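Just so you know, these numbers come straight off a predicted model, no measurement behind them. Numbered from 1 within each chain, the chains take letters A, B, ... in sequence-line order.
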Number of protein chains: 2
Amino acid sequence: MDNQEIRKAGLKVTLPRVKILELLEASVPRHVSAEDVYKMLLEKGEEIGLATVYRVLTQFEAAGLVTRHNFEEGHAVFELDRGEHHDHIVCVLCGKVEEFMDATIEERQKEIAAEHGFEMEDHSLIIYGRCNKPSCPGRE
Amino acid sequence: MDNQEIRKAGLKVTLPRVKILELLEASVPRHVSAEDVYKMLLEKGEEIGLATVYRVLTQFEAAGLVTRHNFEEGHAVFELDRGEHHDHIVCVLCGKVEEFMDATIEERQKEIAAEHGFEMEDHSLIIYGRCNKPSCPGRE
DNA sequence: CTCGTAATGCAAAAGATTCCCATCTCTCTT
DNA sequence: AAGAGAGATGGGAATCTTTTGCATTACGAG
């Protein structure tokens, strides 16, 4: 039950928070903006303010329930954190996002941070490219 | 001479463009926001509009003269492109940015993109951590 | 069930970036 | 060197994303 996750995060179990978490769990695509969440809620008949969506997403991020990404679209996108770290490949043509995880790269990053006298806290690796899906508008 | 670079990019050699390019070449730190550039120009007595700074930086980016990064500060930062690709380590406490380049990671990225059916076009790797400089406010 | 605190919604604010358009300036041509 | 035309600039308005202030409402401990 979602309620436990919210409670564990030290937050009151309110309707907006439950609905937003439910939505993120059911959401395809997995990477959505605050605006997306807001609109999806409206479509489901939930009258939740945009400001609340932003606040809740930020709180969920602080609690480790969701991860925020800054792709190159001018707005942040959020995805439910399923406990397993991964990085992203984004298609510059159709916006499709795929996930991957590579032990070699993860390892090297830690080493590099250490070599530079940094204690690694987080990292963001995004590969931009053209996917070759038949549905991608960039195919000629 | 800067003028050639601007001309090569197919842009008219105008005062704002020359001044901005000069500033980027001389600038320390190397990673500056549009607002930073605007203010630095003002301090030098150059009355160049903020809109122009944005336009010129975007054109320079399109021309491959500068690179735009989306760190986690809510605004883009730009740096002069010196022809050699590199990635970044950003201190989450003091904002300090260091650069690095790792052949192993570069290599793996290409492979991963290919494995996922993508043609890699670009990528962005940012490590966030705490630097251990004596000047960093995060030291306790 | 009642109360106090924390959460919400709305509207206004703030920050970043883009757009509009009248004016100015390169650059190419004579 | 002067003129014309395309392109560039500046400044403010507009847009977009995200945050904030505040009055109202909803959890949840007792």
Salt bridge present between B/K133 and B/E98 (N-O < 4.0 angstrom): yes

Measuring from the side chain of A/K12 (C-beta onward, heavy atoms only), which nucleotide among D/dC27, D/dA8, C/dT17 has the closest atom? D/dC27

Nucleotide D/dA8, atom P - distance to CD1 of B/I20 in whole Å: 13 Å

Upstream residue (5' side of DNA chain C) when A/Q59 and B/E73 are each assigned their closest nucleotide: A/Q59

Reckon B/S33 has a side-chain N or O less than 4.0 Å from the OP1 or OP2 of C/dA16? no

Among D/dT19, D/dA8, C/dT8, which nucleotide sits nearest the side chain of A/Y54? D/dT19

Among D/dC27, D/dT18, C/dT18, which is the nearest nucleotide to the side chain of A/L15? D/dC27

Of all the choices, D/dT18, C/dT5, D/dG7, which nucleotide is nearest to the side chain of A/H75 once you look at every atom? D/dT18

Looking at the side chain of B/T52, which of C/dT8, D/dT9, C/dT17 is the nearest nucleotide? D/dT9

Nearest-neighbour nucleotide for the A/R55 side chain, D/dT9, C/dT17, D/dT20 considered: D/dT20

Before you tell me yes or no, could you show the steps for A/E79 and A/H88 under side chain to side chain donor-acceptor pair (under 3.5 Å), namely the whole-Å CA-CA distance, both residues' side-chain angles and the distance that decides it to 0.1 Å? CA-CA 12 Å; A/E79 74 174 308; A/H88 299 87; 3.0 Å; yes

Run A/T52 and A/Y38 through side-chain contact (heavy atoms from CB on, under 4.5 Å) and show every step you take. CA-CA 9 Å; A/T52 299; A/Y38 175 65; over 6 Å; no

Is the phosphate of D/dG7 approached by B/T14 (side-chain N or O, under 4.0 Å from OP1 or OP2)? no

